[in-house]
Enquirer: 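This structure is in structure tokens; I'll ask about it shortly.
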Amino acid sequence: MSTVMNAANAETELGRVAPPRNWKTPIVLSVLALIVFVAFGIFGDARDVAFSWSSDGDAIMLPDVVVNARVLGWVSGVIMIIVALWSFWLANSRRSTPVWGSMLSGFLFLASLIGLVGAGGRAPVVFLLTGAIALSSPVIFGAIAGIIGERVGVVNVAIEGQLLAGAFTSAFVASLTNNLWAGLVAAMIAGALVSMVLAVFAIRYVVDQVIVGVVLNGLVIGLTNFLYSTVLTKDSQNFNFPGTFDFLPIPFLSDIPVLGPVLFDQRITTYAMFLLIPTAWYFLFRTKWGLRIRSAGEHPLAADTVGINVNRMRFWTVTFAGMIAGFGGAALTLGSSNAFVREMSAGQGFIALATVILGRWNPWLAAVAALLFGFSRNFRIWAGQSGSTIPSDLIAMTPYLVTLIAVAFLVGRAVGPAASGKPYLKS
Amino acid sequence: MKLELRSITKRFGSLVANDKISVTVEPGQIHCLLGENGAGKSTLMNVLFGLFQPDEGQILLDDQPVSFAGPGDAMAAGIGMVHQHFMLVPVFTVAENVMLGHEPTRGLGRIDLAEARRQVREVSERFGFEVDPDALVGELPVGIQQRVEIIKALSRKAEILVLDEPTAVLTPQETDELMVIMRQLAASGTSIVFITHKLREVQEVADTITVIRLGKVVGETSPTSSAHELATMMVGRDIGLTVAKNPPTVGKAALSVSGLTMFARSGVRLLDDVSFDVHEGEVLAVAGVQGNGQTELTEALLGLGERVFGSAKLYGKELVGASVRTVLDNGVGYIPEDRTVDGLVAEFSVAENLMLDRSFAGEFVSQHTIKFSKLDEFARSAIAEFDIRTPGPAAPAGKLSGGNQQKVVLARELSRDLKLFVASQPTRGVDVGSVEFIHERIIAVRDSGVPVIIVSTELDEVLELADRIAVMYRGRFIDIVPADTPRSVLGQLMAGVTAA
Ligand SMILES: Nc1ncnc2c1ncn2[C@@H]1O[C@H](COP(=O)(O)OP(=O)(O)OP(=O)(O)O)[C@@H](O)[C@H]1O
Ligand SMILES: [Mg+2]
């Protein structure tokens with residue numbers, strides 16, 4: 001039997017064409033390994049870096065771990081090379097690399113990057129992680145609002161506006177009533193109202209959703225700016241001094257070194273974010289409402305023919321998503337800065353929009369992407385302070401680069417909801 | 001439940017799709033709707049199902065007038081429907097599609113997936129349908145999607161069941177199973193409206209028959225009428241039901257396929273070392289139970305498949321690994337199995353759809369600009385020749401009836417110079433009058449010396465067109481046999497039994 005081939009990676013096995021191999025993961029892993037080995041190891045900074053795990057007043061103090069940054073790069077590089085080789089071997093025998101292998105490599109990459117930047121000083125691990133969470137919190141709220149919206153078929157470009165509306169309203173209402181909870185509720189209502197405007201125009205009047213979103217963002221920015229300068233600044237003691245939620249350390253858990261301060265000594269808004277990610281995922285992918293929402297975003301006519309009222313479903317789901325984004329706005333004020341500032345959402349709604357796509361419309365992945373963004377911003381702040389010789393802009397770029405590589409090559413492929421952004425009209 | 005449609009009128013603009021149609025279905029009856037493509041059958045059923053609002057007329061259930069604002073209301077009233085163009089979410093699994101809208105839950109709205117799977121298995125076993133509840137619908141061939149669509153309707157236990165061309169892509173055995181189920185359901189009191197273009201099925205299963213032409217009821221008849229009588233009543237003129245065909249004048253081998261292999265993402269072999277030749281002037285029909293690699297075979301030849309290895313040479317030019325455009329430029333005409341997904345752009349006009357594959361160059365384009373008058377002229381002649389029922393060349397293709405959409409695809413592919421013609425389910429949903437014409441056209445293509453590959457689940461069609469028959473089983477050609485092979489032998493081959 002003759003077998004003709006015209007692809008390089010097909011080979012004959014008992015005269016038959018064998019299944020193709022997938023080299024993507026091993027290639028990406030080896031590139032990362034080589035960067036670490038060469039740039040952070042061989043040519044890395046030869047000074048020591050002290051990884052610190054605790055801050056003063058922690059229940060359990062861990063001693064700093066001092067290592068040589070170049071040695072760290074070396075060792076990480078070697079381990080990563082071994083992982084990459086293992087991945088090549090797996091690919092050759094047509095098996096895929098387990099996720100933890102890629103995660104180990106990613107972790108070592110970050111660790112040696114931190115080592116390189118912190119060389120000659122300290123690398124405050126807790127600060128880096130808590131800061132990442134704090135900075136990504138509003139983005140995660142926004143991203144989950146965006147995911148829910150797109151899953152039901154409405155592209156929500158107005159996340160930025162919803163965050164801002166939430167931030168403004170929460171600060172204002174909490175100051176007026178002297179009640180943070182009232183501020184939180186008001187923020188959710190504000191977010192929902194912005195969503196409702198979007199939904200009415202997009203669903204009822206069939207205006208292009210992206211355009212409505214962009215207009216709404218402009219509207220909310222203008223409105224909050226106007227109210228800020230005419231009302232809030234007049235008497236900021238009474239109108240823009242809401243206070244913040246207290247830190248709520250969870251007994252015992254918050255005493256765990258590193259993890260304690262990062263995960264279990266946070267404000268209520270951050271805990272809500274922690275809970276929101278699995279809840280949103282569960283809701284979308286494990287409940288009947290989630291199934292119906294996704295059907296409306298994928299094939300609204302099919303959803304209609306099984307008795308789902310697509311447009312009503314879209315309206316309320318988007319409104320609900322707006323509440324989540326509004327909550328995220330409150331996290332900016334009541335959960336962090338204690339006052340509203342002009343345009344304080346500062347583009348985080350757009351970052352959220354990006355993480356929706358990078359996160360493949362999945363709450364977990366979007367949260368990871370948002371955390372990477374948060375980490376990058378925080379990392380840059382720290383790199384600027386640490387006095388590293390490497391230009392901080394260059395450093396700031398790397399985590400984004402890693403995110404892009406990870407998304408492009410390691411995360412399986414996924415396409416967005418098919419009917420997202422398309423109005424559903426009946427004849 | 002008794003169903004009465006009283007004088008239903010439905011207009012689309014100036015087109016009257018249903019003109020005072022009255023139909024009564026008694027409880028436990030199987031009522032067949034017969035009619036040409038575009039006669040208004042699906043429209044009538046969509047009115048019944050609440051998808052369209054009637055302009056005039058009334059729907060009565062057990063003599064009570066009802067009105068449905070949407071399908072939800074119709075379903076609540078006990079109506080179930082199998083749609084001609086499947087209403088399935090491609091990225092959902094079979095189980096998710098079947099349960100959508102009536103999900104079994106385990107508290108807190110949590111979906112009970114085990115129960116949903118069980119329901120799918122239960123219904124599919126009753127049918128002798130083999131369907132994997134966890135398969136993604138979008139990855140299934142149309143024949144299996146059809147089964148899913150039927151399972152979905154049956155899992156809801158409707159009192160009135162509408163079946164809009166459920167058998168268009170089923171194999172004869174599956175159709176028989178379905179007809180057994182229909183009789184069982186009817187015996188237990190379900191009223192069934194059954195739409196099909198296959199007269200054998202009508203004669204076998206119908207209690208009463210209503211014939212519709214151009215939106216009007218032209219008469220009722222009983223299943224004792226002969227196929228010829230039914231066809232004549234439907235079309236309004238005398239038609240022959242078989243194609244007179246000369247023996248082929250076979251030339252040299254034009255397409256040689258060797259070692260064609262295609263893998264799923266998982267590494268499973270979808271096509272397994274397929275080798276064959278097709279000669280000039282012959283029709284090779286590919287028969288087999290759906291899901292044995294027929295879809296993948298046509299996709300691989302067209303350059304649509306991924307992970308395809310081996311070779312397929314058309315007059316020495318390699319098709320494997322070439323882009324779809326190169327394949328088309330080499331003169332390959334292609335009828336995809338699913339017209340709504342791969343055959344048409346629903347929002348484009350009929351005329352635009354007729355020139356889709358000629359948008360780069362050719363008679364309709366000069367200097368990157370479409371020559372509209374030329375296109376219009378061509379579209380009008382194609383519409384006339386293929387008897388496409390459309391308000392005009394500018395009507396959006398998605399608004400045509402199913403059979404007429406199919407004719408648009410056929411007209412496009414058959415109206416250019418071909419070196420190879422590959423067609424999957426070419427006459428899916430096409431009425432008897434037009435099937436005759438299309439078969440003649442395919443034979444004419446063959447007689448002009450073009451090699452033809454036909455994939456069909458319809459054994460009658462295979463036997464009518466084929467000069468040789470290849471039977472596919474589990475991604476392989478298990479045998480290539482002459483056209484006069486008895487049905488029983490073919491049936492055995494399809495089940496994977498070789499004569500040896
Ligand atoms: N949504 C729509 N908008 C405009 N015209 C439509 C629409 N749906 C159907 N039509 C027109 O109504 C007529 C009847 O179509 P219908 O789908 O009911 O035919 P059918 O009898 O089911 O044909 P087939 O056997 O091909 O499925 C056709 O001329 C079609 O073009
Ligand atoms: Mg129809």
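Letters go in sequence order (proteins before strands), and every chain restarts at 1.
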Enquirer: Please check if atom CZ in A:F201 has more than 12 non-hydrogen atoms from other residues, nucleotides or ligands closer than 6.0 Å.
Expert: no

Enquirer: Measure the CZ-CZ distance between B:R110 and A:F283 for me, rounded to the nearest 0.5 Å.
Expert: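 With rounding to 0.5 Å, CZ (B:R110) is 15.5 Å from CZ (A:F283).
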
Enquirer: My understanding is that only one of B:H102, B:E103, B:M99 makes a side-chain contact (heavy atoms from CB on, under 4.5 Å) with A:K288; could you say which?
Expert: B:E103

Enquirer: Mind checking whether A:R286 and B:L113 have side chains closer than 4.5 Å, heavy atoms only?
Expert: no

Enquirer: Hey, what do you get for CG (B:L108) to OH (A:Y282), rounding to the nearest 0.5 Å?
Expert: 6.0 Å

Enquirer: Does atom CZ of B:R474 have more than 12 heavy-atom neighbours, drawn from other residues, nucleotides or ligands, at distances under 6.0 Å?
Expert: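 Counting neighbours around CZ of B:R474, 12 or fewer heavy atoms of other residues, nucleotides or ligands fall under 6.0 Å, so no.
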
Enquirer: Enumerate the residue pairs fulfilling salt bridge (Lys or Arg N to Asp or Glu O under 4.0 Å) with a member in residues 79-88 of chain B, sequence neighbours excluded, ordered by first and then second residue.
Expert: none

Enquirer: Does any backbone or side-chain atom of A:R292 lie under 4.5 Å from a heavy atom of chain B? Answer side chain, backbone, both or neither.
Expert: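 Both backbone and side chain.
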
Enquirer: Mark yes when over 12 heavy atoms from residues, nucleotides or ligands other than A:F88 sit less than 6.0 Å from its CZ; otherwise mark no.
Expert: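 Check passes, neighbour count above 12.
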
Enquirer: In sequence, state the C-alpha distance, the side-chain angles, and the governing distance for B:V91 and A:R294, and then conclude on side chain to side chain contact (heavy atoms under 4.5 Å, CB included).
Expert: CA-CA 10 Å; B:V91 297; A:R294 287 184 292 135; over 6 Å; no

Enquirer: What residue in A:T305, A:D304, A:T287 has the most heavy-atom pairs under 4.5 Å with chain B?
Expert: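 Maximum pair count with chain B is reached by A:T305.
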
Enquirer: Starting at CH2 of A:W289, measure out to OG1 of B:T105 and round the result to the nearest 0.5 Å.
Expert: 7.5 Å

Enquirer: With a 4.5 angstrom heavy-atom cut-off, could you sort out which part of A:I308 is near chain B: side chain, backbone, both or neither?
Expert: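 Side chain of A:I308 only, per the 4.5 Å heavy-atom cut-off to chain B.
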
Enquirer: Starting at CG of B:L88, measure out to NE2 of A:H299 and round the result to the nearest 0.5 Å.
Expert: 7.0 Å

Enquirer: Tell me whether the count of non-hydrogen atoms from other residues, nucleotides or ligands lying under 6.0 Å of CZ in B:F276 goes above 12.
Expert: yes

Enquirer: With a 4.5 angstrom heavy-atom cut-off, could you sort out which part of B:A69 is near chain A: side chain, backbone, both or neither?
Expert: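 For B:A69, backbone heavy atoms alone lie under 4.5 Å from chain A.
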
Enquirer: Can you tell me which of B:T261, B:V89, B:L100 forms the most heavy-atom pairs within a distance under 4.5 Å of chain A?
Expert: B:L100

Enquirer: Measure the NE2-CG distance between B:H83 and A:L301 for me, rounded to the nearest 0.5 Å.
Expert: 7.5 Å

Enquirer: Contact part of B:R106 toward chain A, heavy-atom cut-off under 4.5 Å: side chain, backbone, both or neither?
Expert: neither

